[in-house]
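Written out below as structure tokens is the structure these notes cover.
As the structure is a prediction and not an experimental result, all values here were calculated from the model.
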Amino acid sequence: FALIPTIVQTFGCFSQMLERMYMATHSSFFAMVGVAEQFGQLRNALGSVLGAFEMIRGLRGLITGQPVNDGGI
């Protein structure tokens, strides 16, 4: 009967190990999701900035009367 507490303790330790592994995996996954969201926001911000520069370039072309060179696209 002295073996029963040892077995219970072993399963308790194993359970804690699984729980900690799950929490670490969960945290890592959501950290990667956060990084992906940040890259999406960066892409949108850069697109807005580049769009503003393109608009300024187009307005400058309209004001000066020069044709806008779009790089052959």
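- Remark: the backbone N or O of Phe11 is not paired with any side-chain donor or acceptor of Ser15 at under 3.5 angstrom.
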Glu54 vs Leu50, test: side-chain contact (heavy atoms from CB on, under 4.5 Å). Steps then yes/no. CA-CA 6 Å; Glu54 188 66 29; Leu50 294 176; over 6 Å; no
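- Atom CD of residue Glu37 and atom CZ of residue Phe30 lie 10.0 Å apart, to the nearest 0.5 angstrom.
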Working note: Arg20 + Met23, criterion side-chain contact (heavy atoms from CB on, under 4.5 Å); need CA distance, chi angles, decisive distance, verdict. CA-CA 5 Å; Arg20 289 176 184 163; Met23 291 304 291; 5.7 Å; no
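- From Leu42, atom CG reaches atom CG of Leu46 across 4.5 Å, with rounding to the nearest 0.5 Å.
- Residue Met32 qualifies as open at atom CE: its count of foreign heavy atoms under 6.0 Å is 12 or below.
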